S.K.: 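Take a look at this one; I'll ask things after.
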Amino acid sequence: MTKRCFLLLLVCLCAGTAWAQQVAFGVAEPLLHGASSDQGVGMVCYKDRCYVTWKEPGAQGLLRMAMAVDTQSVFEAVPLADIKSIAGPAMVAADAGLYLFWLAADSTLQYTLLRPGANWQQAVANSLPGEAKDLRCVSGLSAVVAGDKILLGTRAAYKDRLNLVVCSTAPDGTLSQTSVTAVRGARSLTHPVLCNTGKTVRCWWGRSGQLTSLDYDAGRDSWSKTKGQAAVASNYTPALAAGSDRLLYIWSSKEQRQLQYYLSGDGLLWENQATALPHLEMGRPLSLAATGQQQFLLVYAGADRQLYRSKGRVYRSASWMEDLLMPGREKYTLRDIALPGSHDAGMSVLTAVGGKSTYTINECNTLTQLLSVSAQLDAGIRMFDLRIDLFEDALYTKHAPSDCMEDAVGGGYGEPLDTVLTAVKRFLDRHQQEFVILSFCHFCDRHKSIADQAAAIVAVLGPDKVYHPGATHSLADVPLQDLAGKVLLSFEEQDFPLLGVVRNTMTERSSFFFNYRRAYAATNITDSLFAVEQRFFKGMKGKTAPNDIVRLDWQLTQIGQEAALSCGQFQSENGNLLLDATLLIANTIKKNKSIISLAQRANRYLPAKVLDWVAEGVIDRETKPNILYVDVAGNWITDFCILLNSMPVYKK
């Protein structure tokens with residue numbers, strides 16, 4: 001993993017509501033030059049300073065420590081006595097100072113009390129007293145403060161049992177007594193993670209690829225089942241931190257080997273699906289800490305064993321423009337920012353099929369999205385690609401290889417257009433500083449003229465919701481503040497000025513209201529997608545016009561005869577039975593995938609590739625993408641756009 005590859009990570013709190021929240025993490029930075037570890041790290045923020053401790057690589061590695069005045073500052077090394085550990089350390093802050101815990105060579109628990117401002121070199125190793133004195137542990141530690149107690153989460157060397165060590169402190173700050181409590185019914189190959197939720201201590205661990213948790217009441221010395229628990233698959237130690245009234249969970253998924261996130265409120269663990277981190281593979285333990293009411297710090301050892309940090313903050317996905325763009329960037333234009341866009345946006349459901357070979361059509365080869373347009377709006381998506389056609393006397397979104405469904409070998413109808421437009425209208429009623437781009441293309445006018453389609457669209461949205469450019473001739477002259485609360489309604493190669501429908505083109509250069517500059521890869525091979533997009537950005541240098549909106553088209557596709565084996569169906573271009581049989585055999589051999597699975601494969605690479613291109617100068621101020629246009633659009637692409645908007649290439 002490179003220093004640039006760890007970037008924006010996002011977590012969904014409530015993806016189906018207008019007040020969904022996420023956590024946007026910035027680009028990863030080295031924690032400290034030369035800092036490396038083969039284990040998890042300990043971290044605590046204490047008296048306006050953040051401290052990180054880690055074990056150097058090896059069977060017994062020296063413990064090291066670094067400190068920063070705040071998360072915005074550079075971490076500096078803190079002198080520490082020569083202490084060795086066989087596992088990753090843990091650290092907590094209490095009234096007496098910082099308590100550092102580790103495992104000695106004989107697997108016993110050791111600790112030292114560090115007082116900021118004193119001579120850190122004189123840290124003295126102490127054995128834990130009481131019941132924990134002879135406890136043998138493996139795999140690492142987790143620690144929290146609960147009232148006047150310090151709690152340690154450990155994994156016993158015997159039968160993978162998990163234990164909770166409860167420590168009491170003496171007036172001088174030393175640990176005066178300990179008791180050991182078994183985590184009820186818990187077995188694991190990794191140590192448990194502890195977090196003080198404000199009411200209980202949450203204990204989280206994994207076993208046989210599944211994460212689970214229990215809550216511990218320190219006052220009553222009792223365990224209870226976590227409210228709202230759901231099954232989560234992982235083989236790795238997760239991270240958990242409490243910030244304000246929220247808990248942030250981060251883990252590495254078992255099946256996809258990528259990080260996933262969840263931000264919970266009101267004490268609930270699971271309210272909706274978690275958000276995947278599509279670009280990052282990491283199996284090493286993470287450390288997470290709340291650094292403010294709405295801020296978090298993530299520290300981890302990368303695949304290269306180097307330590308990295310990434311700063312995150314909570315924001316509302318449904319109002320991210322209002323919160324992050326409108327104060328300070330209201331005079332920017334669409335040429336100056338990055339927006340998340342949705343390809344074939346209405347195809348999260350298959351309402352009906354059409355065309356000449358309807359038997360070949362199913363969800364596998366027609367669906368491009370997992371979220372409805374309404375849910376995409378709440379997840380932060382702001383540009384929607386819509387193709388529509390008449391079905392049973394009503395307009396529906398569609399996905400088909402021909403403009404008119406009756407000409408297609410086969411295709412599918414998705415969400416009803418009225419449902420989509422009503423969702424947009426209601427969204428803008430609630431969020432009057434947001435704006436939405438609806439781009440219509442691939443028209444069929446056999447049963448309803450394009451002019452009538454335009455009138456029907458505006459009638460549902462309401463004329464007051466549609467942006468009217470008036471005498472403005474180019475989108476380059478429209479500040480964001482003028483778009484607030486409006487729909488920028490565009491038709492490809494068509495315009496209806498009285499209705500507010502502007503014309504967009506998709507060519508090298510045009511004189512119309514705006515022009516999409518893009519390159520469609522038309523491939524199901526990731527390396528080919530990368531090459532096409534890289535050539536596209538390189539080829540634009542010195543060739544963009546003020547009305548150009550640069551669009552990153554990031555799709556892997558089932559091209560031509562390549563339909564998905566997993567669909568159980570297939571589609572040829574002309575319905576030839578002999579060809580269809582040949583294609584079925586070819587699909588079986590090639591193991592082709594659904595559109596959704598192809599998209600999920602491509603999406604995991606998008607953030608890292610774009611950041612690499614920015615760092616290499618392939619993407620610069622002139623060629624930067626204004627719309628990141630994807631299948632399976634969701635929180636992850638919104639979060640990445642927010643990261644891009646914070647970078648120098650997007651600042652005037």
Side-chain angles (χ1 to χ4, degrees), residues 3-10 22-29 72 279 310-313 315-317 319-342 379-383 433-437 474-484 488 514-518 533-534 536-538 540-554 606-630 633 635-652:
K3 298 174 184 177
R4 297 189 297 271
C5 288
F6 187 61
L7 45 125
L8 186 169
L9 319 176
L10 301 162
Q22 299 165 221
V23 180
F25 282 87
V27 178
E29 301 170 322
Q72 306 300 319
H279 67 288
S310 182
K311 301 182 289 288
R313 67 169 174 172
Y315 73 95
R316 300 179 300 176
S317 57
S319 60
W320 71 269
M321 288 181 162
E322 175 183 356
D323 298 339
L324 304 177
L325 288 183
M326 290 309 180
R329 299 197 185 189
E330 61 274 8
K331 296 189 183 301
Y332 279 32
T333 72
L334 283 175
R335 284 278 291 155
D336 305 316
I337 64 171
L339 294 180
S342 176
I381 311 304
R382 294 295 176 264
M383 178 270 176
Q433 292 301 303
E434 306 296 303
F435 64 83
V436 176
I437 303 172
S474 172
L475 195 54
D477 300 322
V478 181
L480 299 181
Q481 62 187 6
D482 288 3
L483 295 174
L488 179 60
F514 75 96
N515 179 52
Y516 281 126
R517 294 290 299 275
R518 57 92 177 193
E533 296 305 315
Q534 186 173 16
F536 164 66
F537 285 109
K538 285 183 176 180
M540 275 198 303
K541 290 185 183 296
K543 299 178 182 178
T544 61
N547 70 329
D548 283 341
I549 299 299
V550 179
R551 197 175 80 184
L552 175 69
D553 282 19
W554 199 262
L606 185 153
K609 280 295 179 183
V610 172
L611 287 184
D612 281 343
W613 292 337
V614 171
E616 295 162 3
V618 174
I619 291 175
D620 57 21
R621 290 179 181 272
E622 178 192 7
T623 63
K624 61 184 180 292
N626 307 117
I627 293 173
L628 279 70
Y629 176 72
V630 298
N635 298 336
W636 68 275
I637 191 62
T638 303
D639 301 338
F640 184 55
C641 286
I642 291 171
L643 172 62
L644 289 178
N645 285 322
S646 71
M647 297 178 68
V649 71
Y650 283 90
K651 293 183 178 179
K652 287 187 175 181

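All values below were derived from every heavy atom in this structure, side-chain atoms included, with hydrogens, water molecules and symmetry-related copies excluded. Note that the structure is predicted; figures quoted are calculated from it, not measured.
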S.K.: Just jot down the ring-ring contact (aromatic ring centres under 6.0 Å, His included) partners of W554, sequence neighbours excluded, or say none.
M.R.: F530
S.K.: Taking side-chain contact (heavy atoms from CB on, under 4.5 Å) as the test, write out the residues that go with Q534, two or more places apart.
M.R.: K538, W613, E616, V618
S.K.: Checking D477 now: which residues fulfil salt bridge (charged side-chain N to carboxylate O under 4.0 Å, His left out) with it, not counting sequence neighbours?
M.R.: none
S.K.: Quick one: list whatever passes side chain to side chain donor-acceptor pair (under 3.5 Å) with D620, sequence neighbours left out.
M.R.: K541, T623
S.K.: Salt bridge (charged side-chain N to carboxylate O under 4.0 Å, His left out) with R518: which residues, sequence neighbours excluded?
M.R.: D553
S.K.: Apply side chain to side chain donor-acceptor pair (under 3.5 Å) to E434 and list each qualifying residue two or more places apart in sequence or on a separate chain.
M.R.: R382
S.K.: Could you tell me which residues satisfy side chain to side chain donor-acceptor pair (under 3.5 Å) with N626, sequence neighbours excluded, listed by chain and number?
M.R.: none
S.K.: Please list, chain by chain and in numerical order, all residues satisfying side-chain contact (heavy atoms from CB on, under 4.5 Å) with P546, sequence neighbours excluded.
M.R.: A476
S.K.: List the residues meeting ring-ring contact (aromatic ring centres under 6.0 Å, His included) with F514, not counting sequence neighbours, and say none if there are none.
M.R.: Y516
S.K.: Got a sec, which residues hit side-chain contact (heavy atoms from CB on, under 4.5 Å) with K331, two or more places apart in sequence or on another chain?
M.R.: Q481
S.K.: Quick one: list whatever passes side chain to side chain donor-acceptor pair (under 3.5 Å) with S474, sequence neighbours left out.
M.R.: none
S.K.: Got a sec, which residues hit salt bridge (charged side-chain N to carboxylate O under 4.0 Å, His left out) with D336, two or more places apart in sequence or on another chain?
M.R.: K652
